[in-house]
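Here's the structure, in structure tokens; my notes come after.
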Amino acid sequence: MVRLGIIGTGGMANDHARRFRKLRGVKLVACCDIREERAKAYAGTYDIPRWYTDYVTMLGDGGLDAVSVVTVDAAHAAVSLAAIEQGLAVLCEKPLATNLADARRMRDAAAKKGVVTQVNFSYRNASGAQAAAAWVASGGVGRVMHVEASYLQSWLSQDTWGDWRTKDALTWRLSTRHGSAGVLGDIGCHIYDLATLLAGDISALACEMKTFDKGIAGNRIGPYVLDANDSFVSTVELSGGGIGTVHATRWATGHHNSLRVRVYGDEGAVMVDLDRANDRYWVVRGRQAMRKADWKEVRCRPTPSQQERFVKAIRVGKSDACDFARGARVQTYLDGSLRSARMRRAVRVKA
Ligand SMILES: NC(=O)c1ccc[n+]([C@@H]2O[C@H](COP(=O)([O-])OP(=O)(O)OC[C@H]3O[C@@H](n4cnc5c(N)ncnc54)[C@H](O)[C@@H]3O)[C@@H](O)[C@H]2O)c1
């Protein structure tokens with residue numbers, strides 16, 4: 001039995017509870033949120049016996065094998081490090097941290113303690129993305145020449161997910177002093193993860209980003225200063241020699257949550273388009289098909305969710321590939337993007 005605690009019980013924590021509750025041999029035994037009413041309500045909804053408003057107390061009370069860290073980004077590092085110190089397995093939400101130094105500290109602390117870790121790059125739940133990555137890795141497209149990856153959201157121009165002026169789960173995402181690295185940290189980490197899962201590592205990049213005027217007096221809402229980036233565009237150089245673009249925005253009017261990655265090689269190409277389907281991908285390969293641009297749809301078998309992988313990793317005592325080292329690697333792309341945008345030049349990203 002894996003005894004699990006959830007720390008941070010806002011919106012995304014519901015996804016964790018629902019997914020973990022489906023798994024055999026996992027029991028939700030404690031939860032915590034600095035907002036008492038949230039922790040209490042969450043415990044009630046998911047039948048969790050113990051709830052807390054302080055994670056240090058929760059960890060100190062023991063009786064846990066693992067935690068899910070689903071707090072705001074700014075708390076990921078402190079909470080994860082405290083759980084690692086207790087020898088617990090940790091599934092942490094993305095982005096792993098708010099800066100590269102913290103991400104590396106988390107990676108190194110976990111390695112030293114020998115605990116299982118995982119970062120919730122949740123679009124890896126899409127079997128189409130997993131299968132497409134395996135196809136590229138097996139030589140499906142030949143030599144990777146070009147990647148094109150985008151993640152489009154629109155919550156600054158339309159209120160499908162609520163009004164960012166009043167919904168605090170959106171407002172903190174606009175404020176660097178609340179630990180947000182803007183659209184780059186929030187969803188840029190997902191698209192960098194997927195782009196490199198398919199096309200391979202990035203060795204250098206040049207990034208431009210923009211924070212648009214939102215027409216709010218004083219550019220602040222209560223404690224939130226609206227200074228985090230809303231859009232970024234990166235040109236990337238792949239370690240394997242190819243190049244490409246990775247970009248994301250919160251101003252993609254007409255799109256809710258659109259992720260798409262296309263990888264072009266000298267022998268074929270592949271596309272993952274999660275607006276169209278999670279459980280399939282599209283390929284073109286072979287001289288005839290390429291000449292006619294004849295893309296074929298490939299359906300995939302289901303692949304395990306991030307939560308299933310995490311529990312399996314705990315059972316075998318070895319982290320999944322999507323561990324804190326991977327989270328720290330993706331953090332180098334975020335860090336590189338911020339440096340590049342600040343210096344207005346291309347930068348190398350070292351592991
Ligand atoms: N993987 C994904 O697809 C995905 C999707 C959405 C959100 N997320 C991530 O999940 C995390 C939570 O996002 P959300 O949308 O649920 O935000 P949210 O604002 O709805 O929830 C965050 C919760 O953390 C609590 N919290 C803050 N500091 C805390 C602390 N020190 N101890 C305990 N609780 C604390 C807040 O009170 C709040 O209830 C973020 O890191 C976000 O990036 C990931």
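Every number for a ligand or one of its atoms is a count from 1 in the order of the listing.
- The pair Arg143-Glu267 does not count as a salt bridge, with every side-chain nitrogen at least 4.0 angstrom from each carboxylate oxygen.
- If you look at His190 next to ligand 1, the close heavy atoms, those under 4.0 Å, all belong to the side chain.
- Proximity of a side-chain donor or acceptor of Arg19 to a complementary backbone N or O of Gln306 within less than 3.5 Å is not detected.
- Counting protein heavy atoms only, atom 2 (C) of ligand 1 is closest to Ser122 OG, 3.2 Å.
- Among all protein heavy atoms, the one lying closest to atom 11 (C) of ligand 1 is Thr71 O, 3.1 Å.
- Shortest non-hydrogen contact noted between Val67 and Met58 is CG1-CE, 4.3 Å.
- Contact annotation: for Trp172 versus ligand 1, heavy atoms closer than 4.0 Å belong to the side chain alone.
- Among all non-hydrogen protein atoms, the one lying nearest atom 12 (C) of ligand 1 is Val70 O, 3.3 Å.
- Of all the atoms in ligand 1, the ones that sit under 4.0 Å from a non-hydrogen atom of Arg35 are 37 (O).
- Heavy-atom proximity to atom 8 (N) of ligand 1, evaluated over His76, Glu93, Glu37, is greatest for Glu93.
- The shortest side-chain heavy-atom distance between Thr196 and Arg326 falls under the 4.5 Å cut-off.
- When only non-hydrogen protein atoms are considered, atom 38 (C) of ligand 1 lies nearest to Arg38 NH1, 3.2 Å.
- Nearest-heavy-atom check against atom 26 (N) of ligand 1 across Asn257, Leu170, Thr98, Ile34 picks out Ile34.
- With respect to atom 23 (C) of ligand 1, the closest heavy atom belonging to the protein is Asp33 OD2, 3.6 Å.
- With respect to Asp193 and Lys94, no salt bridge is recorded, no charged nitrogen being found less than 4.0 Å from a carboxylate O.
- In His16, neither the side chain nor the backbone holds a heavy atom less than 4.0 Å from any atom of ligand 1.
- Here is the list of ligand 1 atoms found below 4.0 Å of a heavy atom in Gly10: 16 (O), 20 (O), 21 (O), 23 (C), 39 (O).
- Remark: ligand 1 atoms within the under-4.0 Å shell around heavy atoms of Gly11 are 16 (O), 20 (O).
- Counting atoms of ligand 1 from 1 in the listed order, those under 4.0 Å from a heavy atom of Gly8 are 24 (O), 34 (N).
- Close approach to Met12 involves these atoms of ligand 1, each under 4.0 Å from a residue heavy atom: 1 (N), 2 (C), 3 (O), 4 (C), 5 (C), 6 (C), 7 (C), 8 (N), 10 (O), 14 (P), 16 (O), 44 (C).
- Tyr46 is linked by a ring-ring contact (aromatic ring centres under 6.0 Å, His included) to Tyr42, counting only residues two or more places apart in sequence or in another chain.
- Scanning both residues, Ala204 and Val349, for their nearest heavy atoms gives N-CG2, 4.0 Å.
- Cluster annotation: Tyr151 and Val261 are assigned to the same hydrophobic cluster (Ile/Leu/Val/Met/Phe/Trp/Tyr, side-chain heavy-atom contacts under 4.5 Å, transitive).
- Under a hydrophobic-cluster definition in which Ile, Leu, Val, Met, Phe, Trp and Tyr are linked whenever side-chain heavy atoms come within less than 4.5 Å, directly or via other members, Trp135 and Tyr123 are assigned to the same cluster.
- For atom 41 (O) of ligand 1, the nearest non-hydrogen atom of the protein is Asp73 OD1, 2.6 Å.
- The distance criterion of under 3.5 Å between nitrogen or oxygen atoms is met by Asn120 with respect to ligand 1.
- Here's the thing with Arg173: one of its N/O atoms is less than 3.5 angstrom from an N/O atom of ligand 1.
- Checked by atom type and distance alone, the side chain of Asp227 pairs as donor or acceptor with a backbone atom of Thr176 at under 3.5 Å.
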